[in-house]
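A quick write-up on the structure given underneath.
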Amino acid sequence: MIRLDDVHKSFGPNRVLRGATLEVARGTSTVIIGGSGTGKSVMLKCILGLVTPDRGTIEVDGTDVTQAPRDAFLARFGMLFQGGALFDSLPVWQNVAFRLLRGSLKRPKAEAREIAIEKLRRVGLKPEMADLFPSELSGGMQKRVGLARAIAAEPEIIFFDEPTTGLDPIMAGVINALIREIVTEMGATALTITHDMSSVRAIADNVAMLHDGTIKWTGPVARMDHSGDPYLDQFIHGRAEGPIEAVR
Amino acid sequence: MSPIRALAAIGRPVIAGLRLVGALTIFAAQAVSHLVRPPFYPRETLIQLVQIGWLSLPVVGLTALFTGGALALQIYAGGSRFSAEAVVPSIVAIGMVRELGPVLGGLMVAARVASSIAAEIGTMKVTEQIDALVTLSTNPMKYLTLPRLIAATLAVPVLVGVGDAIGIAGGWAVGVWRLDFNSATYLKNTVDFLETWDVVSGLWKGAAFGFIVALAGCFYGMTSSRGAQGVGRATKSAVVTASVLIFAANYILTETFFSA
Ligand SMILES: Nc1ncnc2c1ncn2[C@@H]1O[C@H](COP(=O)(O)OP(=O)(O)OP(=O)(O)O)[C@@H](O)[C@H]1O
Ligand SMILES: [Mg+2]
């Protein structure tokens, strides 16, 4: 279980997180929604320790993330970065199998390659793509390679930062189904950021809305449509008028 | 300008310089501490040896060749003023192996390697590849910095050694073809007056300069700020810092090695 309690983070004068509190139960899929620039990506990076919060605590399974032994802690996580963050010096398959080629999860090269190709297939990429370099792929293809890398070592907890942005509707459907499958069948815990409301409905058990640096609303996806929360209503219906200002 | 202002104008860059040296030292200590803590990445080190050592050979070789030739002409012209043209072979050799080989070699490597390391790591930083490395349980210090430091520290002395030989050959070529030296006499003079320590001290300098180049490249890459502008600034700073530190280290090492 992941628990954020009163997390604050500023970059200079820019106060991004101002007391974010959130719980994610094991084996569930939570989707974070919220306007562009509200700090969703920063929140995920805080949990992973890539960004250090100014204040507040973050616990995974009851252990403070700053106290946990780093390697063992990170070995439980997979992360899809918003920009893909593929290593451009390595071919696609070595990106996907990065974890399987070194460190504690190391296995023979041929086996790692086989796993990589299987994961690529699951994100809708042909085996021929395995030997290309990331710069030779389209934006959406890079995103999917990043997704394959995040799930390659079958981690317990997976973060997806905008997994379907830049994908065509069919491919977005494939990815939504994949994320759902990873949670339901493999029992993984997923935390997904998305702007795509059809994705929210396809992936989420629970929804959390980040606004003004705090979690404004959180609840099961079924309650999202009649929450009575004006912020959430405006957001999910994409209205220009409402409590959330259009210029931020 | 008031005296206080003048003092501040001197103090600010001094403090900035000291802070930079401090930050570089801490960075270096952190990187080197990974030398004894697994996991290690020998493959990465090998790749960097090729990148830094092998691929720098043409630049360093050409620099040495032309420098050796020019040195022979200058020493001949200077020596002829007190009819000491015979010193050309030995002074070319000593000047090359003690000073010009390591310093010019180091500077060429700084231009070629510090910039490319800073740009590569800086780009990785701004595109979140460094963050991605961390989430994949790989320490960027171990995976990126240490292999480059090891490779540069090992490769630059070898480059300097090769450069020394090419530089002396350049001097010999000019000596024989332009200055009418006897080829055999030139070579005999070179060998007779050159001492082992002349060469070895230059190789040690090369190792120090290689370390400095990789350190500056990695440091500015890792601390690069966001965007293309950040990477550009990191690249420029890496080359400038590496070059200035090479000159400073060269003076200190020369004092240490040769002052009586
Ligand atoms: N490393 C950083 N240094 C300075 N500011 C940062 C940094 N990372 C994020 N920010 C700032 O924090 C704010 C939130 O950024 P974040 O990337 O979390 O937004 P987001 O909610 O993910 O938006 P989007 O939906 O557009 O991806 C932005 O104003 C951004 O400028
Ligand atoms: Mg984001």
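Chain letters run A, B, ... following the sequence lines, proteins first, then strands; residues in each count from 1. Only this structure's heavy atoms are used, side chains among them; waters, hydrogens and symmetry mates stay out.
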- prompt: Which bit of A:Leu105 is near chain B, if near means a heavy-atom gap under 4.5 Å: side chain, backbone, both or neither?
  reply: neither
- request: Answer yes if the side chains of B:Thr138 and A:Arg102 hold a donor-acceptor pair under 3.5 Å, and no otherwise.
  value: no
- prompt: Around A:Glu114, counting heavy atoms of other residues, nucleotides and ligands shown, do more than 12 lie under 6.0 Å from its CD?
  reply: no
field: Proximal component of B:Ser137, with respect to chain A [non-hydrogen, under 4.5 Å]
entry: both
- request: Search all heavy atoms of B:Leu136 against all heavy atoms of A:Arg149 and return the closest pair with its distance.
  value: CD1-CD, 3.7 Å
- prompt: With a cut-off of 6.0 Å (strictly less than), are more than 12 heavy atoms of other residues, nucleotides or ligands near CD of B:Gln229?
  reply: no
- prompt: Is chain A contacted by the side chain of B:Ile47, its backbone, both, or neither, given a heavy-atom distance below 4.5 Å?
  reply: neither
- prompt: Can you tell me how far the CG atom of B:Asp131 sits from the CG atom of A:Leu48, to the nearest 0.5 Å?
  reply: 9.0 Å
message: Less than 4.5 Å to any heavy atom of chain B: does that hold for the side chain of A:Phe98, its backbone, both, or neither?
response: side chain
query: Has B:Tyr251 got more than 12 heavy atoms of other residues, nucleotides or ligands less than 6.0 Å from its OH?
result: no
- prompt: If you take all heavy atoms of A:Arg99 and B:Thr135, which pair is closest and at what distance?
  reply: NH2-O, 2.9 Å
query: Can you name the nearest heavy-atom pair linking B:Glu128 to A:Phe81, along with the distance?
result: OE1-CD2, 3.5 Å
message: On a heavy-atom basis, which atom in B:Ala132 and which in A:Ala85 lie closest, and how many Å separate them?
response: CB-O, 3.8 Å
- prompt: So which of A:Asp71, A:Leu86, A:Leu50 has the largest heavy-atom pair count under 4.5 angstrom toward chain B?
  reply: A:Leu50
